Trainee: 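Encoded as C-alpha cells, here's the structure I'll be asking about.
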Amino acid sequence: MAKIKGTVVIDTEECKGCGLCIGACPQHVLELSNDVNNKGYHFSFMKNPDKFMKDPDECIGCSNCATVCPDACISVYRLKI
Amino acid sequence: MDTNKLTQQDIIRQGEQVYKRPKLLLDNTMHYCPGCSHGVVHRLVAEVIEELGIQEKTIGVCPVGCSVFAYNYIDIDWQEASHGRAPAVATGISRVNPDKFVFTYQGDGDLASIGAAEIMHACNRGENIAVIFINNAIYGMTGGQMAPTTLLGQVTATTPKGRNVERNGYPLKITELIAQLPGTSYVTRQSVETSVSVRKCKTAIKKAFKNALAKKGTSFVEVVSTCNSGWKMSPVKANKWMEENMFPFYPVGDLKDGDKADPALYSKKN
Ligand SMILES: Cc1ncc(C[n+]2csc(CCOP(=O)(O)OP(=O)(O)O)c2C)c(N)n1
Ligand SMILES: [Mg+2]
C-alpha cells in the first residue's frame, strides 16, 4: 500500500509562536522552541525532522498546521512511497 | 526505497509541495498579534483571489480597525475608507467600475456600530460587492472596548464587570438582520479556529466573491473570530472560549444562499 511521508518547513523568523499549529497537528510532530527568534518569539518547529520520519507519529503532510497559521509561515511537502 | 533512511530533504526534493504561502500575500510581516484571526482570513482572501485569477480586477476597501493596514499585506488595489464607511466607498467604486470586483473587509466595531447604516443600505440596495465581516466581539484596535457584538457578561475594557443588559443593551446579531434584506443573495457565518473550519470559510469566501463577480447582489461572510489580546487570553484559550461562548450565540452556517429578492414582490401592484 502506498504510504505518505510528509514534512513541514516553518519560516521560524516569521513565526510569532501563537501555538495554533501545534494544536492542529494530528500527529503531534510540532512544538514550541525554548529558543527565540529575532522578534523574540518562541517559534514553532518540527523537533528533529529526520527522526520523525521513522517515528510512528511522523508527519503525514495533511497541511492542517499551515491551514490554521495566521502568518502563513508553514510550507508542507508530501512524498508517496 | 528504504523509508527509514528518508530525510526531510529527500521528501522536500522528491515530493510535492502541497501547501505554500499564496503569492498574493506580500512579504511584509503582518502587524497582528500572535494567533489573530485576521491573519488567517487575509491568507484566505489572498488564496481565493489567486485561485479565481482576479488579482488585476479586484479592489478591496479597508476599514478602520486592526485591519486598517490590509493594503500592506495583499497584493491587489485597495482604497482606505473612514470608519464604517467601507460599504459606501465600495458602492461608489463598483458603480463607476462595473468591470471590477469590489469587496470590503470590516470589523464588528466598524460594520455593526459606526457603520451600521452604511452596511444596511448597501446590502438593501444589493450592491454587487462582497463583504468580509470579522466579528471578534470587541474593538480590538483601540484596546478592547465593548462592541455591539460583545456578549452579555463578557468582560471588556469598558465593561469591567461584564456587559450588562440594563446598562449596555443586547448584543447585535447583525448578520441575521442582513439576511432579511432583499439585496443580499448569500449570507453566511463561518469561523477559522480549526483546519476544517478554515477550509469551509475559504469555500464561503470563494462563493461570495463569485457571486459579486456574477452581479448577484451583495454577499456577506461573517467570520466569528478571536481577539486573544483584547480578550486577555492565549491564542489557544481564545479559540476554546470562542467555541464555548460565541458559537452558541453566533451559530456557524449559511443564513441565506440563493438570489436577490424578486422585484415584483416589492413593486406597486398597478
Ligand atoms: C470616526 C472614528 N471614530 C472612532 C475611531 C476609533 N476607532 C479606531 S478602530 C475602532 C474600533 C475597531 O473595532 P473593530 O471594527 O471591531 O475592528 P478590530 O480592531 O476589532 O478588528 C475605533 C472605535 C476612529 N478611528 N474613527
Ligand atoms: Mg472587532
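Below, chains carry the letters A, B, ... as their sequence lines are ordered, and counting in each starts from 1. Not measured: the values here are computed from a predicted model.
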Trainee: Below 4.5 Å, heavy-atom pairs only: which of B:Asp10, B:Asn228, B:Val198 has the largest tally toward chain A?
Mentor: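 When all of B:Asp10, B:Asn228, B:Val198 are compared, B:Val198 has the most.
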Trainee: Ignoring hydrogens, what is the shortest heavy-atom contact between B:Val236 and A:Gly19? Give both atom names and the distance.
Mentor: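 B:Val236 and A:Gly19 have their closest heavy atoms at CG2-O, 4.1 Å.
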Trainee: Between A:Asn64 and B:Val196, is the side chain to side chain contact (heavy atoms under 4.5 Å, CB included) condition met? List the steps.
Mentor: CA-CA 8 Å; A:Asn64 282 5; B:Val196 175; over 6 Å; no
Trainee: Can you check whether B:Tyr19 reaches A:Ser75 side chain to side chain, under 4.5 Å on heavy atoms?
Mentor: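 With C-beta onward as the side chain, the pair stays apart.
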Trainee: With a 4.5 angstrom heavy-atom cut-off, is it the side chain or the backbone of A:Ala24 that approaches chain B, or both, or neither?
Mentor: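 Neither part.
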Trainee: Using only non-hydrogen atoms and a strict under-4.5 angstrom cutoff, which residues of residues 35-47 of chain B touch chain A?
Mentor: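 The stretch touches chain A at B:Gly35, B:Cys36, B:Gly39, B:Val40, B:Arg43.
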Trainee: Given B:Gln17 and A:Val76, is the side chain to side chain contact (heavy atoms under 4.5 Å, CB included) satisfied, shown in steps?
Mentor: CA-CA 6 Å; B:Gln17 186 166 6; A:Val76 187; over 6 Å; no
Trainee: Checking heavy atoms, do the side chain of A:Cys15, its backbone, both or neither come under 4.5 Å from chain B?
Mentor: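 For A:Cys15, there is no contact with chain B at all, as no heavy atom is under 4.5 Å.
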Trainee: Would you say NZ of B:Lys210 has more than 12 non-hydrogen atoms from neighbouring residues, nucleotides or ligands within 6.0 angstrom?
Mentor: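 No, NZ of B:Lys210 has 12 or fewer neighbouring heavy atoms, counting only those of other groups under 6.0 Å.
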Trainee: Restricting to non-hydrogen atoms, name the atom on B:Gln8 and the atom on A:Met46 that form the minimum distance, rounded to 0.1 Å.
Mentor: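 It is NE2-SD, 4.2 Å.
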Trainee: With chain A as the partner, which of B:Lys202, B:Met30, B:Glu193, B:Arg21 has the greatest number of non-hydrogen pairs under 4.5 Å?
Mentor: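 Option with the top pair count is B:Arg21.
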Trainee: Pick whichever of A:Ser63, A:Cys62, A:Gly17, A:Gly23 has the most heavy-atom pairs under 4.5 Å with chain B.
Mentor: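 Result: the option with the highest number of such pairs is A:Ser63.
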Trainee: At a heavy-atom separation under 4.5 Å, does A:Ile22 approach chain B through its side chain, its backbone, both, or neither?
Mentor: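 Contact with chain B: none, neither part.
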Trainee: Tell me whether the count of non-hydrogen atoms from other residues, nucleotides or ligands lying under 6.0 Å of NZ in B:Lys23 goes above 12.
Mentor: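 Open.
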Trainee: Measure the CG-CD distance between B:Asn28 and A:Glu14 for me, rounded to the nearest 0.5 Å.
Mentor: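 Reported to 0.5 Å precision, the distance equals 9.0 Å.
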Trainee: CG of A:Asp71 to OG1 of B:Thr29: how many Å apart, nearest 0.5 Å?
Mentor: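 These two atoms lie 7.5 Å from each other.
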Trainee: Starting at CG of A:Leu20, measure out to OG of B:Ser195 and round the result to the nearest 0.5 Å.
Mentor: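 A:Leu20 atom CG to B:Ser195 atom OG measures 11.5 Å (nearest 0.5 Å).
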Trainee: In terms of heavy-atom pairs under 4.5 Å, which option from A:Val8, A:Ile74, A:Val68 contacts chain B the most?
Mentor: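 Result: the option with the highest number of such pairs is A:Val68.
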Trainee: For A:Arg78 and B:Glu16, indicate whether the former's side chain and the latter's backbone hold a donor-acceptor pair under 3.5 Å.
Mentor: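 A pair under 3.5 Å: no.
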Trainee: Please assess A:Thr7 against B:Ile12 for the test side chain to side chain contact (heavy atoms under 4.5 Å, CB included), listing each intermediate value before the final yes or no.
Mentor: CA-CA 7 Å; A:Thr7 195; B:Ile12 292 171; 3.8 Å; yes
Trainee: Can any side-chain N or O of A:Lys16 pair as donor or acceptor with the backbone N or O of B:Tyr32 at less than 3.5 Å?
Mentor: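 The answer is yes, because a donor-acceptor pair under 3.5 Å joins these two groups.
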Trainee: Can you name the nearest heavy-atom pair linking B:Leu25 to A:Ala72, along with the distance?
Mentor: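 That closest heavy-atom pairing would be CD2-CB, 3.6 Å.
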Trainee: If I take atom CD from residue B:Gln9 and atom OH from residue A:Tyr77, how far apart are they, to the nearest 0.5 angstrom?
Mentor: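 Output value for this atom pair is 9.0 Å.
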